[in-house]
Amino acid sequence: MGTRRRNHPKIIVVLGPTASGKSDLAVKIAKKFKGEIVSADSRQVYRGMDIGTGKVENESSKKDVFIHQGIIHHCIDIASPKRRFSVAQYQKAAQKSINDILKREKLPILCGGTAFYIKALVEGISLPEALPDWSLRKELNKKNKQELYSMLRNLDPERAKNIEKDNPRRLIRALEIVIQTDKPVPEIKKNYQYNPLFIGTKIDREKLNKRIEKRLDERLKQGMIDEVDKLRGSGLSWQRIKSFGLEYKWLAKYLQKEISYQEMHESLLRDIIKFSKNQMAWWKNDPGIEWIEKNQDALNLVKNFIKK
RNA sequence: GCCGCGGUAGCUCAGUGGUAGAGCGCUUCUCUGAAAAAGAAGAGGUCGUGAGUUCAAUUCUCACCCGCGGCA
């Protein structure tokens, strides 16, 4: 995830697969080193999605402050599930949060499982300014990937060289940029603004799978089905709810009586496990991450890191 | 016990007289405003068992074993 920048402000990044104990560790670090937490989770940004996204409990009575165990959490509940949220919005929100934390002379602790969000923030990647244009996307979606690819080859041969030519979603985004800006897709620029310490919470596969299953059953008992039902009641379409994936997708199917409880449980468990493997794919070969098994090891790492 | 249907990849199933395919799963990989998204590559099978016919059987024939349904 990039190199450390010695002269930049220090931040801690706690990452790892779902159910590996990130939130717990982040709170411990925050308590010990006067920190605040910035969530890096593409689903926890949405209000009303709590149990299914594994949000920690909010103790705050104020509307726009999220506090858990006395620790301020940022980038949670910052968006309506009715509106689309994206990595660029996250990047801005998280940068602002971190800068505020630094101004208060506290330690920023980025914590979450969405690798793309973490990358966008830590590397400060420059996302093209072209805004998503949903009507254009809808139009382009009618074309097949060969047509999309040849369009891109005509408009921006350079980008066409490197892009995955079988991936319609990427092709459409590239075309969107070119059509909107009337310029080729800009080369990606990185702008490191922080000096991060990456801590990964690691648990062996078999144990993690068991934890995932246990946690799923707990969440079901805690009223996760009801939560999805409420989202529907608040005016979200089933299609939208399903687009959030995992628990939202499978519980929506179950609530619509498309599948039985058992099918829901099996498929959901399988997909969460698959998801956790996909998360690890981003990190497992990254030499810059300190993988820890005990929280105490992480606290020691942070202590040394801050001293330097 | 009799009749019928079935037994092919981990699962659900296509298919063919010239030693086999799909979807899902699995493994690995990618990541430029949907990322819990979107995509790529790969590994898996002596086609239930035994015999017969044939140059050649997973495919046809017979017997047996197993599963499902019906009848007794």
Side-chain angles (χ1 to χ4, degrees), chain A residues 1 15 17-19 39-46 49 51-55 79 81 83-94 112-121 123-134 136-138 140-141 144-145 148-149 152 156 158-178 180-181 183-191 205 209 212 216 219 228 239-252 263 266-286:
Chain A
M1 277 261 175
L15 50 77
T18 189
S39 164
D41 187 300
S42 67
R43 297 296 182 263
Q44 291 190 359
V45 295
Y46 294 116
M49 292 167 56
I51 302 171
T53 65
K55 270 178 212 167
R83 297 176 172 279
R84 295 186 186 264
F85 190 83
S86 78
V87 64
Q89 284 159 276
Y90 175 77
Q91 199 185 37
K92 284 190 197 102
T114 304
F116 188 35
Y117 283 18
I118 296 174
K119 183 188 162 90
L121 181 81
E123 298 182 358
I125 57 174
S126 58
L127 299 155
E129 68 268 30
L131 293 167
D133 178 344
W134 287 95
L136 175 66
R137 288 184 183 188
K138 208 173 162 188
L140 292 173
N141 248 315
N144 65 37
K145 54 193 184 186
L148 292 169
Y149 182 66
L152 184 65
D156 185 354
E158 277 306 305
R159 177 67 178 127
K161 268 186 205 163
N162 306 317
I163 203 163
E164 278 185 312
K165 58 180 182 300
D166 290 308
N167 195 330
R169 197 163 282 194
R170 299 249 166 84
L171 290 167
I172 287 173
R173 173 58 184 160
L175 286 166
E176 183 176 66
I177 294 165
V178 176
Q180 226 177 102
T181 63
K183 279 185 265 182
V185 177
E187 217 171 289
I188 194 163
K189 286 191 202 83
K190 292 179 180 180
N191 177 22
R205 191 78 246 169
N209 289 354
I212 287 171
L216 171 58
R219 287 180 178 183
V228 177
Q239 192 196 11
R240 175 65 174 155
I241 294 168
K242 284 176 181 171
S243 77
F244 294 122
L246 299 183
E247 4 300 89
Y248 298 97
K249 171 177 156 187
W250 290 103
L251 287 173
E263 282 174 302
E266 276 174 22
S267 305
L268 178 51
L269 180 60
R270 190 202 63 219
D271 272 6
I272 298 172
I273 289 171
K274 203 161 52 160
F275 168 59
S276 71
K277 288 176 184 168
N278 193 239
Q279 288 179 299
M280 281 307 292
W282 285 80
W283 302 314
K284 65 183 172 189
N285 298 322
D286 188 328

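In this text, all values refer to a predicted model and were calculated from it rather than measured experimentally. Chain letters run A, B, ... following the sequence lines, proteins first and then strands; every chain starts at 1.
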Sub-3.5 Å donor-acceptor pair from the side chain of [X] to the main-chain atoms of [Y], do we have one?
| X | Y | result |
| --- | --- | --- |
| A:R137 | A:E176 | no |
| A:E123 | A:K190 | no |
| A:S42 | A:T114 | no |
| A:R43 | A:F244 | yes |
| A:S126 | A:K189 | yes |
| A:Q180 | A:A130 | no |

Residue pair A:R270 / A:I273, side-chain heavy-atom distance below 4.5 Å: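 No, too far: nothing below the 4.5 Å cut-off.
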Separation between the [atom1] atoms of [N] and [M], rounded to whole Å:
| N | M | atom1 | result |
| --- | --- | --- | --- |
| B:A57 | B:C5 | C1' | 23 Å |
| B:G18 | B:A56 | C1' | 6 Å |
| B:A63 | B:C3 | P | 10 Å |
| B:C29 | B:G33 | P | 23 Å |
| B:G21 | B:U46 | P | 15 Å |
| B:U19 | B:A35 | C1' | 45 Å |
| B:C2 | B:U53 | C1' | 29 Å |
| B:A20 | B:G6 | P | 23 Å |

Expressed in angstrom and rounded to an integer, what is the separation of [X] atom [atom1] from [N] atom [atom2]?
| X | N | atom1 | atom2 | result |
| --- | --- | --- | --- | --- |
| A:W134 | B:A34 | CH2 | P | 6 Å |
| A:D41 | B:A35 | CG | C1' | 11 Å |
| A:L175 | B:G33 | CG | P | 13 Å |
| A:L246 | B:A35 | CG | C1' | 12 Å |
| A:R173 | B:A35 | CZ | P | 13 Å |
| A:R84 | B:A35 | CZ | P | 9 Å |
| A:W283 | B:U30 | CH2 | P | 14 Å |
| A:Q279 | B:A36 | CD | C1' | 8 Å |

Where the chi angle of B:G6 falls, syn if within 90° of 0 and anti if not: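 That one's anti.
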N or O in side chain of A:R170 less than 4.0 angstrom from B:C31 OP1/OP2: no
N/O (side chain, A:N285) to phosphate O (OP1/OP2, B:C29) under 4.0 Å: yes
Atom NZ of A:K165 with >12 non-hydrogen neighbours under 6.0 angstrom: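 Counting neighbours around NZ of A:K165, 12 or fewer heavy atoms of other residues, nucleotides or ligands fall under 6.0 Å, so no.
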Closest-nucleotide 5' rank along RNA chain B - winner of A:G245 and A:L127: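 It is A:L127, whose closest nucleotide lies nearer the 5' terminus.
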A:A94: side-chain contact (heavy atoms from CB on, under 4.5 Å) partners, not counting sequence neighbours: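 Per chain and number, A:A94 pairs via side-chain contact (heavy atoms from CB on, under 4.5 Å) with A:V38, A:C75, A:Y90, A:L121.
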Those residues that, when tested against A:N141, pass side-chain contact (heavy atoms from CB on, under 4.5 Å) (two or more places apart):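 A:N141 satisfies side-chain contact (heavy atoms from CB on, under 4.5 Å) with A:I172 only.
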What N/O pairs connect the protein and nucleotides 40-42 of chain B at under 3.5 Å? Give each pair on its own line.
none

Counting any heavy atom closer than 4.0 Å, what does [X] reach on the DNA or RNA strands: base, sugar-phosphate only, or nothing?
| X | answer |
| --- | --- |
| A:E247 | base |
| A:L131 | base |
| A:Y90 | nothing |
| A:T53 | base |
| A:E129 | base |
| A:I188 | base |

Those residues that, when tested against A:Y149, pass ring-ring contact (aromatic ring centres under 6.0 Å, His included) (two or more places apart): none
Nucleic acid footprint by protein, nucleotides 22-27 of chain B - heavy-atom cut-off 4.0 Å, B for base, S for sugar-phosphate alone: ---SSS
Runs of at least three consecutive pairs that involve RNA chain B, where pairs are Watson-Crick or G-U with distances under 3.5 Å: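 Paired runs of 3+ in RNA chain B: B:1-7 with B:65-71, B:10-13 with B:21-24, B:26-30 with B:38-42, B:48-52 with B:60-64.
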Residue [X], side-chain atoms from C-beta onward, closest of [options]:
| X | options | result |
| --- | --- | --- |
| A:Q89 | B:A38, B:A36, B:G33 | B:G33 |
| A:Y248 | B:G33, B:A35, B:A36 | B:A36 |
| A:T114 | B:G33, B:G39, B:A36 | B:A36 |

A:S276 and A:R205 side chains, donor-acceptor separation under 3.5 Å: yes
